[in-house]
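Starting off with a structure, shown below.
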Amino acid sequence: MAVLIKSEAEIEKMRISGMALRKVHEAVKSAVRVGATTMDLERAAVAKVEELGVQPAFLGYHGYPAVLCTSVNEEVIHGIPSERRVLKEGDVVSVDCGVIVDGYYSDAAVTHPVGKISPQVEKLLRVTEASLYAAIEKAVVGGRLFDISHAVQAMCEAEGYGVVREFVGHGIGKNMHEDPQVPNYGTEGKGPRLKAGMVLAIEPMINMGSSAVRVLDDGWTAVTVDGSVSAHFEQTVAITKSGPRILTL
Ligand code: CO
């Protein structure tokens, strides 16, 4: 599939989708607390999705069973909400969600602290989120795709963190996953040229230890092989003549 260029009108629709998604994320954030289950977060998301009248993007996608992915601690992505997973003080939970409005997808993720977390884990969250924003700054007309990738890799590897290789960001529009793939590692100045109208979901997945991940027997949950904590931040970003525009704010 070729990289699809979106018109200004399409980007406006995607922004409306992204604004609804942010409201879902805010509702979930309010539900994050010590003693909550990841299914409590799912219920908060379901209630907000219904209130807004938007369509969840993940539910049923390749058979995925929920509106949210809720990945705790060493879980990297695609953790399935569960009544049995109780959040405790010092945990982190990565919440990933997508919605569809008027046919247009938006996709965003954030890693939340649960109660008070260790300074080391706090730094992992801070650096991972900062690497997302460093990457977004590279989402400019005339740049190269791997400038985005390199920005994440350079910032995170400088701290000794592992950059997950097996999962990547992606183009997004009328489909959740479009070309191009957006890896979180790569060589500056390389890759396809960035053009106005490209919309990318940029999503660093960063481990405190080794970059290696594996998928659990549930067929979904990706975890770090070494058991180290992982963080995930994602925004849907349009490349425009006037610079990067985050659509999921
Ligand atoms: Co994504």
Side-chain angles (χ1 to χ4, degrees), residues 1 3-4 6 11 13-15 17-22 24-25 28 41-42 45 49 54-71 75-81 93-101 103-112 128-129 131-136 138-139 145-146 148-149 151-153 156 163-186 194 198-207 213 215 220-223 230-239 244-249:
M1 193 210 291
V3 173
L4 299 171
K6 279 84 185 178
I11 289 172
K13 286 186 181 185
M14 294 188 73
R15 189 184 67 88
S17 177
M19 283 168 48
L21 176 57
R22 184 53 55 194
V24 176
H25 269 290
V28 172
L41 307 188
E42 170 75 7
V49 155
V54 300
Q55 203 183 325
F58 295 1
L59 185 66
Y61 185 83
H62 292 284
Y64 186 74
V67 168
L68 295 183
C69 298
T70 53
S71 309
E75 296 173 354
V76 180
I77 52 168
H78 300 166
I80 301 170
V93 58
S94 298
V95 175
D96 193 352
C97 190
V99 301
I100 313 163
V101 178
Y104 287 87
Y105 284 74
S106 53
D107 188 3
V110 55
T111 302
H112 298 290
T128 303
E129 188 172 25
S131 79
L132 169 58
Y133 287 97
I136 290 171
K138 301 291 183 185
L145 182 65
F146 299 157
I148 293 173
S149 310
V152 172
Q153 181 178 24
C156 294
V163 174
V164 173
R165 301 294 200 269
E166 288 86 345
F167 301 97
V168 296
H170 48 94
I172 181 168
K174 284 186 169 176
N175 312 282
M176 182 151 62
H177 296 130
E178 297 182 356
D179 279 345
Q181 293 196 5
V182 184
N184 293 304
Y185 56 92
L194 300 175
M198 289 182 177
V199 183
L200 305 175
I202 304 175
E203 48 179 320
M205 290 153 269
I206 305 298
N207 304 341
V213 300
V215 175
W220 283 104
T221 314
V223 300
S230 189
H232 181 206
F233 287 85
E234 175 180 26
Q235 299 275 21
T236 297
V237 180
I239 298 172
R245 183 161 178 217
I246 302 173
L247 304 178
T248 34
L249 284 180

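Numbering of ligands and ligand atoms starts at 1, following listing order. Being a predicted model, the structure only gives us computed values, none of them experimental. Scope of the values below: all heavy atoms of this structure, side chains included, with no hydrogens, waters or symmetry mates.
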### Query
Looking at the Co ion (ligand 1), is one of the N, O or S atoms of H170 less than 2.8 Å from it?
yes
### Query
Hey, are the side chains of C97 and V67 touching, using non-hydrogen atoms and a 4.5 Å cut-off?
yes
### Shortest-distance N/O/S atom, E203 versus the Co ion (ligand 1)
OE2
### Query
For the side-chain contact (heavy atoms from CB on, under 4.5 Å) test, which of D107, V182, I77 pairs with E203?
D107
### Backbone N/O of V152 and side chain of S131: donor-acceptor pair under 3.5 Å
no
### Message
Please determine whether D96 has a backbone or side-chain N, O or S atom lying under 2.8 Å from the Co ion (ligand 1).
### Response
no
### Message
Against N207, only a single residue in V164, V223, V163 fulfils side-chain contact (heavy atoms from CB on, under 4.5 Å); can you say which?
### Response
V164
## Note on the structure
Among N, O or S atoms, D107 approaches the Co ion (ligand 1) most closely through OD2
### Query
For the residue pair A231 and T128, what are the closest heavy atoms and their distance?
CB-OG1, 3.6 Å
### Task
Determine which of the N, O or S atoms in E234 is closest to the Co ion (ligand 1) and give its atom name.
OE2
